[in-house]
Structures are given as structure tokens and as C-alpha cells.
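First the structure, in the form of C-alpha cells, and then the observations on it.
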Amino acid sequence: MLQNFVAVFFIIYVIYKSKEIIKAVDKSEVIGPNLIQSPVFGAMSPDRLSGGTKTLILIDNDDEHIFNAVHCGNNCAKYLLKIAENKDITILLEHIIDFGEKFEIKILNTGKVVNNFDDYFREARIALNGE
């Protein structure tokens, strides 16, 4: 019984903590722990959130794993950087996304730290294509 309570409490906590991400990425409003109001789907459960939103929520709440960020697009970049302000994160990113003007990212494949789009693009191209 206590285990179920803890699991439910954690789900409620995570959904409410993630309201900003859900609003920004999916343009949806958290009504309750099991109800999201989406402009596309109407009333829906959290399992219908986009892959990018789900990935960001997992990254934000799990310090032990490397996440495949294949579903994260440009609308997720701001939140990847925001999460990384508070902890080191490692993601697998197989495409280039726009992190904006100011950032610091280490490309593990090449070992280079980049802080602008041109350097990021060059290093990501090397990492992705082996150029």
C-alpha cells in the first residue's frame, strides 16, 4: 500500500514539476496528474505527451541514465540547457538542434567543448558523419 502511495505521489510530483516543459514544448496545460489539455488532442493522459516532452521529463528526474534524445527538436533545446544548469547530463543526439546563441556543450565523440552554433555544427557533423 505504501509503495503504491509513493509511486502515485511521485507521478503527481513529476507532472506538476514539469508543467513548464509541457506548456512550452507541447503547448498543453496540466489540469491534474492524469489530465493534460492539448490543443491537438483535447483532454488526454500524460502518456500522449510528445516524445520530446517525455524525454525532457525523464532527463530532469533521472540522474543515472544516458537518454536517447532523438525525439528532441529545437523546441527542447532550451530545456536541455536549463536542466544542464543544475546537473551534468549525457544524451545521445543523432541530429543537430538549435541551442541558440549562448551555451556550452561537450561533444563526447570528439572531446571538444563548443559554445556557439558554428563550432557545434562542425563538431556534430564530425561526430555524426565521421568527417
Side-chain angles (χ1 to χ4, degrees):
M1 180 77 163
L2 179 61
Q3 190 175 22
N4 288 342
F5 173 77
V6 171
V8 169
F9 178 79
F10 182 72
I11 291 168
I12 292 169
Y13 168 77
V14 167
I15 292 296
Y16 280 104
K17 179 182 171 199
S18 304
K19 285 171 95 169
E20 180 184 349
I21 291 171
I22 293 167
K23 178 80 171 166
V25 176
D26 283 358
K27 311 289 188 257
S28 298
E29 197 73 42
V30 174
I31 306 300
N34 294 310
L35 181 60
I36 311 280
Q37 186 65 38
S38 164
V40 176
F41 300 113
M44 65 180 201
S45 67
D47 65 337
R48 303 263 330 253
L49 290 168
S50 70
T53 295
K54 289 177 190 175
T55 301
L56 289 170
I57 291 170
L58 287 170
I59 292 168
D60 196 23
N61 291 284
D62 184 332
D63 297 336
E64 297 182 18
H65 293 91
I66 297 171
F67 290 93
N68 186 342
V70 68
H71 296 293
C72 292
N74 290 339
N75 59 345
C76 296
K78 170 184 173 182
Y79 293 96
L80 287 169
L81 295 174
K82 188 172 183 175
I83 294 166
E85 288 175 2
N86 299 314
K87 64 181 183 177
D88 288 340
I89 62 173
T90 302
I91 61 171
L92 170 66
L93 190 58
E94 296 179 334
H95 60 283
I96 294 172
I97 62 177
D98 185 359
F99 285 104
E101 297 292 320
K102 291 189 171 205
F103 58 86
E104 184 174 289
I105 299 171
K106 182 174 185 179
I107 310 290
L108 294 179
N109 304 60
T110 66
K112 299 276 176 84
V113 174
V114 296
N115 56 21
N116 63 66
F117 186 78
D118 289 340
D119 291 344
Y120 163 64
F121 183 80
R122 181 176 42 259
E123 291 302 313
R125 205 175 86 213
I126 292 167
L128 293 172
N129 300 323
E131 294 179 15

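One finds the NZ atom of K54 at 11.0 Å from the CD1 atom of I22 (value rounded to the nearest 0.5 Å). Between atom CD1 of residue I66 and atom OG1 of residue T90 there is a gap of 5.0 Å, rounded to the nearest 0.5 Å. Atom CG of N75 is separated from atom NZ of K27 by 6.5 Å, given to the nearest 0.5 angstrom. Taking CD1 from I126 and CG from N109, the interatomic distance works out to 10.5 Å, rounded to the nearest 0.5 Å. Separating the CD atom in E101 from the CG atom in N115 is a distance of 11.5 Å, to the nearest 0.5 Å. With values rounded to the nearest 0.5 angstrom, R122 atom CZ is found 11.5 Å from I96 atom CD1.
Put simply, the side chain of H95 gets close to the backbone of C72: a donor and an acceptor are under 3.5 Å apart. Judged purely by atom type and a 3.5 angstrom limit, S50 uses its side chain to pair as donor or acceptor with the backbone of T53. The backbone N or O of L49 sits nowhere less than 3.5 Å from a side-chain atom of D26 that would complete a donor-acceptor pair. K87 contributes a side-chain N or O that, together with a main-chain N or O of D60, makes up a donor-acceptor pair within less than 3.5 Å. Checked by atom type and distance alone, the side chain of Y120 pairs as donor or acceptor with a backbone atom of I97 at under 3.5 Å. D62 places no side-chain N or O within donor-acceptor distance of the main-chain N or O of L58, the cut-off being under 3.5 Å.
Hydrophobic clustering (side-chain heavy atoms under 4.5 Å, transitive across Ile, Leu, Val, Met, Phe, Trp, Tyr) groups I91 together with F121. Hydrophobic clustering (ILVMFWY, side-chain heavy atoms < 4.5 Å, transitive): L80 and V70 are in distinct clusters.
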- D119 vs K112, salt bridge (Lys or Arg N to Asp or Glu O under 4.0 Å): CA-CA, chis, key distance, verdict: CA-CA 9 Å; D119 291 344; K112 299 276 176 84; over 6 Å; no

